[in-house]
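Only heavy atoms go into these numbers, but all of them, side chains included; no hydrogens, no water, no symmetry mates.
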Amino acid sequence: MTPHLESPAPQEPLPPQQALPHLDAATIDRLVPMGAAVDAVEDVLARGGLDPEAEPARSVVGVTGGQLLLMPSSTASYAGVKVASVTPGNPERGLPRIQGLYLLLDGATHQPLALLDGIALTSLRTPAVSGAAIRRLAAPEVGRLLVFGTGPQAWGHVAAVRAVRPGLAHVDVVGRDQGRVAAFVERCGAAGLTAAAAAPKDVAHADVVCCCTTAREPLFDSSLLAPHATVAAVGSHEPDAREVDERLLGRATVVAESRSVAMRECGDIVQAVATAAFDLRRLRTLRELARGEVPVDEARPRLFKSAGMAWEDLAVAVAAYEGWRGAGA
C-alpha cells in the first residue's frame, strides 16, 4: 500500500482514555515487507511532491558513550519525529548500536497517532532507500551481491537487493568476526541463496556491493570493480568517515539523498571534493533518479551514498500505520 503523505487525510481523534498504539518490530515487519518499503520511498519522491532538500537538518547531540539524534519531518497529512541513540559500545554489551522510538502525528492537528519501534523502522527504511536507488542504477541482471558487514543493516540490504533484483543468487560476506560471518552465510542459505565468506578483493566479481559498516576508511580498492557494478554505501553520516575511496567518486555515476546532506554529512563525497577527485556539479539526487532524470552510463560504476534522512522514516512509518489502520487493528 502506498502511503498518502501529501493529500490531506484527517485522522479520527483518539479517545482521551485510549492508549497510544505501539507498532512493534513484528508488526512493522508484517505490515511492510521490504518490497512495499522500497515502493513507499520511491513513490513519495517520484509522485508525492516531497523535496528532500527542504528537510530540516537532523540534530546530533553528543552524550556519554555516543550520540542522540532528533529527526523530524512533515507533510500535509502526517508529521513525525524519530529520537534515536547511536552507541558504538553496545554490540559488546549484546545491545543494538542504534536504538530509538518514532512518534507519528496527524499532519494538521499534530495529535499523536502511534509510536513505532525505532530500531525496526531504521533497519527497514535504510535498505529500502538503497533498494530504491539500486532498482534504478543496477544492471538488469544481478546475480552476485557482496556485502560488507554482518549486522541488521547488512541483512536488510540482502533483502532489499533481492526485492528489486529477484534474480540474485549468491551473496559474498565480508566481516571482521568470522563467527558472525559464518552465521550470516548460514542465514543466506536458509533463505535460498548460496553464500560464502569473502575478502575485499572479491568486489571484482560483484554486480552489487553494499557497505553497511562503521568503517572510517575505504573498505576496498575501487579499481577492482567491474564497469557495470553498483555500490551502496550507508554506514556513516559524518564528514570525516567514509567507506569508499575517492577514485570511485571520480569514475562513477554518483547519487545521494540530497546535495545539502551530501556536503554536510557524507564523508565519502566531502573528502573526494576536498581532494578535487570529484566535481560536485556531477552529483545527482535520489529524487532525480526516482523521476527518471538520471542517465545511467553502462560503461562506468554507479554509487549511491546514503546518510539517512527523516523523510525516509516518515514514508515507511506512514506505510506501517496505514496498513495497521486498514487491517482494523
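- The side-chain heavy atoms of Arg259 and Pro52, taken from C-beta on, include no pair separated by under 4.5 Å.
- Between Glu243 and Ser236, the side chains place no donor N or O within less than 3.5 Å of an acceptor N or O (distance only, hydrogens not considered).
- Taking CG from Leu103 and CG from Leu113, the interatomic distance works out to 8.5 Å, rounded to the nearest 0.5 Å.
- Closest non-hydrogen pair, Gly131 versus Val38, comes out as C-CG1, 3.9 Å.
- When atom types are taken as modelled, the side chain of Asp202 and the backbone of Ala199 share a donor-acceptor pair closer than 3.5 angstrom.
- For the residue pair Ser260 and Ser258, a side-chain donor N or O sits within less than 3.5 Å of a side-chain acceptor on the partner.
- Between the side chain of Glu217 and the main chain of Arg242, no donor-acceptor pair closer than 3.5 Å is present.
- By the criterion of side-chain heavy atoms lying less than 4.5 angstrom apart, applied directly or through intervening Ile, Leu, Val, Met, Phe, Trp or Tyr residues, Tyr78 is grouped together with Trp311 in one hydrophobic cluster.
- Judged as a side-chain hydrogen bond (donor to acceptor under 3.5 Å, both in side chains), and not counting sequence neighbours, Arg251 has no contacts.
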Apply side-chain contact (heavy atoms from CB on, under 4.5 Å) to the pair Gln153 and Thr122, showing each step before the final yes or no.
-> CA-CA 9 Å; Gln153 283 299 333; Thr122 303; 4.2 Å; yes
Test side-chain contact (heavy atoms from CB on, under 4.5 Å) on Leu146 and Phe220 and set out the steps.
-> CA-CA 11 Å; Leu146 185 143; Phe220 61 93; over 6 Å; no
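- Annotation: ring-ring contact (aromatic ring centres under 6.0 Å, His included) contacts of Phe184 (sequence neighbours excluded): Trp155.
- A chain of hydrophobic side-chain contacts below 4.5 Å, direct or via other Ile, Leu, Val, Met, Phe, Trp or Tyr residues, connects Ile28 to Trp324.
- Residues Val181 and Leu193 are members of one and the same hydrophobic cluster, defined by side-chain heavy-atom contacts under 4.5 angstrom among Ile, Leu, Val, Met, Phe, Trp and Tyr.
- Under a 4.0 Å N-O distance rule, the pair Asp297/Arg300 qualifies as a salt bridge.
- For Thr275 (side chain) and Ala272 (main-chain N/O), a donor-acceptor pair under 3.5 Å exists by modelled atom type.
- Side-chain atoms of Ser73 and Lys82 form no donor-acceptor pair, as typed in the model, at a separation below 3.5 Å.
- Of the possible donor and acceptor atoms, one in the side chain of Gln178 sits under 3.5 Å from a partner among the backbone N and O of Gly175.
- Within the 4.5 Å cutoff, the side chain of Thr75 has heavy atoms near those of the Leu50 side chain.
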When you look at Phe148 and Val173, which way does the side-chain contact (heavy atoms from CB on, under 4.5 Å) test go after all the steps?
-> CA-CA 6 Å; Phe148 287 91; Val173 187; over 6 Å; no
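- Counting only distance, with no hydrogens or angles, the side chain of Gln67 and the backbone of Ala84 share no donor-acceptor pair below 3.5 Å.
- The number of heavy-atom neighbours closer than 6.0 Å to CZ of Arg176, taken from other residues, nucleotides and ligands shown, is 12 or below.
- Using a 4.5 Å heavy-atom threshold, the side chains of Glu288 and Leu286 count as separate.
- Between the Glu312 side chain and the Val41 main chain, no donor and acceptor come within less than 3.5 Å of each other.
- A donor-acceptor distance shorter than 3.5 angstrom exists from the side chain of Thr194 to the backbone of Ala169, with no hydrogens or angles considered.
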Dump the intermediate steps for side-chain contact (heavy atoms from CB on, under 4.5 Å) on His205 and Lys201, then the final yes or no.
-> CA-CA 9 Å; His205 310 297; Lys201 63 181 176 60; over 6 Å; no
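- Remark: Thr253 OG1 to Arg136 CZ distance equals 15.0 Å, nearest 0.5 Å.
- Under the 4.5 Å side-chain heavy-atom criterion for Ile, Leu, Val, Met, Phe, Trp and Tyr, Leu101 and Leu68 are members of distinct hydrophobic clusters.
- Within a 6.0 Å radius of CD in Glu53, other residues, nucleotides and ligands contribute more than 12 heavy atoms.
- A pairwise comparison of heavy atoms in Ser222 and Asp245 identifies OG-OD1, 2.7 Å as the closest pair.
- Note on Glu257 versus Arg287: no salt bridge recorded, every NZ/NE/NH1/NH2 to OD/OE distance being 4.0 Å or above.
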Give every donor-acceptor pair under 3.5 Å between a side-chain atom in residues 159-168 and any protein atom, sequence neighbours left out.
from   : atom 1 : to     : atom 2 : distance (Å)
Arg162 : NH1    : Ala191 : O      : 2.7
Arg162 : NH2    : Ala191 : O      : 2.9
Arg165 : NE     : Ala139 : O      : 2.9
Arg165 : NH2    : Arg135 : O      : 3.1
Arg165 : NH2    : Ala138 : O      : 2.8

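- Looking at Arg144 and Asp172, a side-chain N of the basic residue comes within less than 4.0 Å of a carboxylate O on the acidic one, giving a salt bridge.
- Counting heavy atoms from C-beta on, the side chains of His170 and Leu145 never come closer than 4.5 Å.
- Val142 and Val174 sit in two unconnected hydrophobic clusters of ILVMFWY residues. Membership requires side-chain heavy atoms under 4.5 Å apart, directly or through other members.
- Pro88 is not listed as a side-chain neighbour of Thr214, based on a closest heavy-atom distance of 4.5 Å or more.
- Taking CD1 of Ile119 as the start and CG of Leu95 as the end, the distance is 9.0 Å to the nearest 0.5 Å.
- Looking only at distances, no side-chain donor or acceptor of Glu246 sits under 3.5 Å from a matching main-chain atom of Phe278.
- Between the side chain of Asp106 and the main chain of Thr109, a donor-acceptor pair closer than 3.5 Å is present.
- Looking at every heavy atom in both residues, Ala25 comes nearest to Asp117 through N-CB, 3.9 Å.
- The pair Arg291-Glu42 fails the salt-bridge criterion, with no side-chain N (NZ, NE, NH1 or NH2) lying under 4.0 Å from an Asp/Glu carboxylate O.
- Using a 4.0 Å cut-off between charged side-chain N and carboxylate O, Asp268 and Lys305 make a salt bridge.
- Atoms CE and CZ, from Met309 and Arg125 in turn, are 10.0 Å apart once rounded to the nearest 0.5 Å.
- In plain terms, the two heavy atoms of Cys211 and Val231 that are nearest each other are SG-CG1, 4.2 Å.
- Note that CG of Leu248 is 10.5 Å distant from CG of Asp221, once rounded to the nearest 0.5 Å.
- Under the 3.5 Å distance criterion, with hydrogens and angles disregarded, no donor-acceptor pair is assigned to the side chains of Gln99 and Thr87.
- Using a 4.5 Å heavy-atom threshold, the side chains of Val244 and Leu219 count as separate.
- The two atoms that bring Ala196 and Val185 nearest to each other are C-CG2, 3.7 Å, heavy atoms only.
- Around CZ of Arg264, the count of heavy atoms belonging to other residues, nucleotides or ligands within 6.0 Å exceeds 12.
- With hydrogens and angles ignored, the 3.5 Å screen pairs no side-chain donor or acceptor of Glu265 with any backbone N or O of Ala262.
- For the pair Val32 and Ala319, the tightest heavy-atom approach, listed with the atom from each and the gap, is CG2-C, 4.0 Å.
- Between the CE atom of Met263 and the CG atom of Leu280 there is a distance of 5.5 Å, given to the nearest 0.5 Å.
- Of the candidates Val81, Val316, Leu121, Leu121 is the only one forming a side-chain contact (heavy atoms from CB on, under 4.5 Å) with Tyr102.
- Counted within 6.0 Å of CD on Glu92, heavy atoms from surrounding residues, nucleotides or ligands total 12 or fewer; the atom is thus considered open.
- Contact annotation: the side chain of Arg216 approaches that of Asp240 to within less than 4.5 Å [non-hydrogen atoms, C-beta and beyond].
- Looking at Leu314 and Val44, their side chains never come closer than 4.5 Å, going by heavy atoms from C-beta outward.
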